[in-house]
Asks: 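Dropping the structure in here first, questions after.
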Amino acid sequence: MSTPTTALDASALRSIPGILLPGDPGYDAARTPWNLAVDLHPAAVAVPRDVDEVAAVVAAASAHGLRVAPQSTGHLALSLHGLDLSNTVLLRMHRFTGVRVDPDARTARVLGGTLWRDVAAAAAPHGLAALHGSAGDVAVAGYVVGGGLSLYGRRHGLAAGHVRAIEVVTADGALVRASADEHRDLFWALRGGGGGFGVVVAVEIDLLPIADVVAGMLLWDLSHGPEVLRTWVEWTKTAPESATTSLRAMRFPPIPELPPFLSGRSLVVIDGAVLEEDERAAEILAPLRALGPELDTFTRIPAIDVLGVHMDPPAPTPGISDHLLLAELPEEAVAVFLSVAGPDAETSLMIAELRHLEGALARPIDAALATLHGRFALFTLAAVPVPQLFELGMQTTADAASALRPWSSGVAYQNFSDRREEASAFFDVETRDRLVRIREQYDPAGLWLAAHDL
Ligand SMILES: Cc1cc2nc3c(=O)[nH]c(=O)nc-3n(C[C@H](O)[C@H](O)[C@H](O)COP(=O)(O)OP(=O)(O)OC[C@H]3O[C@@H](n4cnc5c(N)ncnc54)[C@H](O)[C@@H]3O)c2cc1C
């Protein structure tokens, strides 16, 4: 695929609404992604507010030989780290937002860069919930084009399987609606195939009749990590699909912004949601509760509060992560996990996380990401409070993930992959070939710069 390299003709883009060039007031704020560890220097930043403004940016960029990198929040911005963006317009979608819920059809139409928390807030008054992930400030668009691993995932599968239609502005500036009936190949590609097919300007999703749910966390000092991890891993072998949980070893610095139960502490935390009546949920959680957690917040809560359960950072944060999908987690792998993140590990990792997969996540859907292939998703995260810690963060997170590589399923999940070099592990050859053919059809000149390259 060809890569245009013409230098930016700034004056040519000046007349496009919402364009910011280096030196313009607002350029620096607009190029700053959610992940504050990442410093991107695009030729221009566009902040469109509607389809016409998106199309104008696309037409101008294309006419001047520039690439376009759509971004809604910049949660996955690390994947662009180190790229020369002097020929790229960063297209930030955060002003192009809105949600309309149809309570009878149980659907939502979600515009451009809308965040999951706004969808959850619009759905909640109707007793409905969405297949969002753990963080409310992730955007629907980026999450869905990556697949979408929800806290209801083991029961309901990937969020990409609950999408009815996606509208994109394609590389030729056209507005195209892709669904099961229209542009079917594009619809298939956009659900889990990544962000290289157009600017997502609307997503229509199914909502679930979930008004409240048993969800929460169990928390122990990390000294209990070995026992808690082993018990949880055993528990996951028979846990019903109604329970979607994760386990994290977490190390927090002593800072006043954190609540006392976190500040300066090393912890092991199990959290998640259990889609059952109270009594059955209690039965399911009993073996974990028997380990005597210091804090147990599992209870029935309004579905909208599920977005707070995983304690993801409430605001933009600098961090570096790495990731693997694990086929299995036998005792040797448990021992390795503990050696890199357990109570005795000397590490600068902030989080080592295992999310339990399987269930509906393992049943193929007709989308570019058909399943999440593995029993667990491993996610390693280092905080980067100062730029000097960037390289250390890259190394620490990669080393921790590499240590578990013997148990990798051989496939990676792009929403959790901050690193471009991991893209070759997202798809089997047949799926990648089909994605490349669709990409060539809708973007023959290689206009789009997505988080990951096919
Ligand atoms: C704290 C945290 C918690 C998370 N929790 C989960 C989770 O529970 N489950 C899960 O599956 N993932 C989770 N993620 C990963 C998250 O889903 C991905 O980072 C996702 O790509 C974020 O989408 P975004 O649009 O917000 O981010 P962005 O960085 O803006 O987008 C990522 C990529 O998606 C594409 N893209 C985004 N918007 C558009 C658009 N409008 N048009 C075309 N392409 C677009 C682009 O290729 C872009 O580079 C989490 C990430 C973080 C940091």
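Side chains are part of it too, since the values below use all heavy atoms of this structure and drop only hydrogens, waters and symmetry mates.
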Asks: Checking Tyr413 now: which residues fulfil ring-ring contact (aromatic ring centres under 6.0 Å, His included) with it, not counting sequence neighbours?
Replies: Phe416
Asks: Between Arg67 and Trp448, is NZ or CZ placed under 6.0 angstrom from the six-membered ring centre and within 45° of the ring axis?
Replies: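 No; the conditions do not both hold, so Arg67 does not lie above the ring face of Trp448.
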Asks: For a 4.5 angstrom cut-off between non-hydrogen side-chain atoms, does Asp137 reach Arg117?
Replies: yes
Asks: Hey, does the side chain of His323 reach the backbone of Leu378 with a donor-acceptor pair shorter than 3.5 angstrom?
Replies: yes
Asks: Could you check whether Asp271 pairs with Arg248 (Lys NZ or Arg NE/NH1/NH2 to Asp/Glu carboxylate O, under 4.0 Å)?
Replies: yes
Asks: Sequence neighbours excluded, which residues qualify as ring-ring contact (aromatic ring centres under 6.0 Å, His included) partners of His81?
Replies: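 Checked His81 against ring-ring contact (aromatic ring centres under 6.0 Å, His included); matches are Phe390.
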Asks: Under 4.0 Å between a Lys/Arg side-chain N and an Asp/Glu carboxylate O for Asp39 and Arg31?
Replies: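 Salt bridge present between Asp39 and Arg31.
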Asks: Can you tell whether the side chains of Arg177 and Glu204 come within less than 4.0 Å, N to carboxylate O?
Replies: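 A salt bridge is present here (some side-chain N lies under 4.0 Å from a carboxylate O).
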Asks: Is the NZ or CZ atom of Arg191 positioned over Phe187's six-membered ring, under 6.0 angstrom from the centre and within 45° of the axis?
Replies: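 The answer is yes, since Arg191 meets both limits relative to Phe187.
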Asks: Considering residues at least two apart in sequence or located in another chain, which fulfil the ring-ring contact (aromatic ring centres under 6.0 Å, His included) criterion with Phe376?
Replies: Trp232, His356
Asks: Side-chain donor-acceptor pair under 3.5 Å between Ser134 and Arg355, yes or no?
Replies: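 On atom types as modelled, these side chains qualify, holding a pair under 3.5 Å.
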Asks: Looking at Arg375 and Glu358, is any side-chain nitrogen of the basic one under 4.0 Å from a carboxylate oxygen of the acidic one?
Replies: yes
Asks: Taking only residues two or more places apart in sequence or in another chain, which ones pass ring-ring contact (aromatic ring centres under 6.0 Å, His included) with Phe427?
Replies: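 So Phe427 forms no ring-ring contact (aromatic ring centres under 6.0 Å, His included) with any residue.
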Asks: Do any pairs count as a salt bridge (charged side-chain N to carboxylate O under 4.0 Å, His left out) and have a residue in residues 329-341, sequence neighbours left out, and if so which ones?
Replies: Arg230-Glu331
Asks: Please check if the number of heavy atoms outside Arg49 that lie under 6.0 Å from its CZ is greater than 12.
Replies: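 At most 12 heavy atoms, drawn from other residues, nucleotides or ligands, come within 6.0 Å of this atom.
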Asks: Look at atom CD of Glu279 and say whether more than 12 heavy atoms of other residues, nucleotides or ligands are closer to it than 6.0 Å.
Replies: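 Check fails, neighbour count at 12 or below.
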Asks: Return yes if some donor-acceptor pair links the side-chain N/O of Thr371 with the main-chain N/O of Leu361 below 3.5 Å, else return no.
Replies: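 Such a contact is absent between Thr371 side chain and Leu361 backbone.
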Asks: Strictly by side chain to side chain donor-acceptor pair (under 3.5 Å), give each pair with a member in residues 297-309 just once, sequence neighbours left out.
Replies: Asp212-Arg300, Asp278-Arg300
Asks: Using a strict cut-off of less than 4.0 Å between a Lys/Arg side-chain nitrogen and an Asp/Glu carboxylate oxygen, indicate whether Arg95 and Glu53 qualify as a salt bridge.
Replies: no
Asks: Hey, are Ser402 and Asp399 close enough side-chain-wise for a donor-acceptor pair under 3.5 Å?
Replies: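 Distance-only check fails for Asp399 and Ser402.
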Asks: Quick check: does any side chain N or O of Ser62 sit under 3.5 Å from a backbone N or O of Ala59, one acting as donor and the other as acceptor?
Replies: no
Asks: How far does CZ of Phe197 sit from CZ of Arg439, to the nearest 0.5 angstrom?
Replies: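 If I round to the nearest 0.5 Å, the distance is 7.0 Å.
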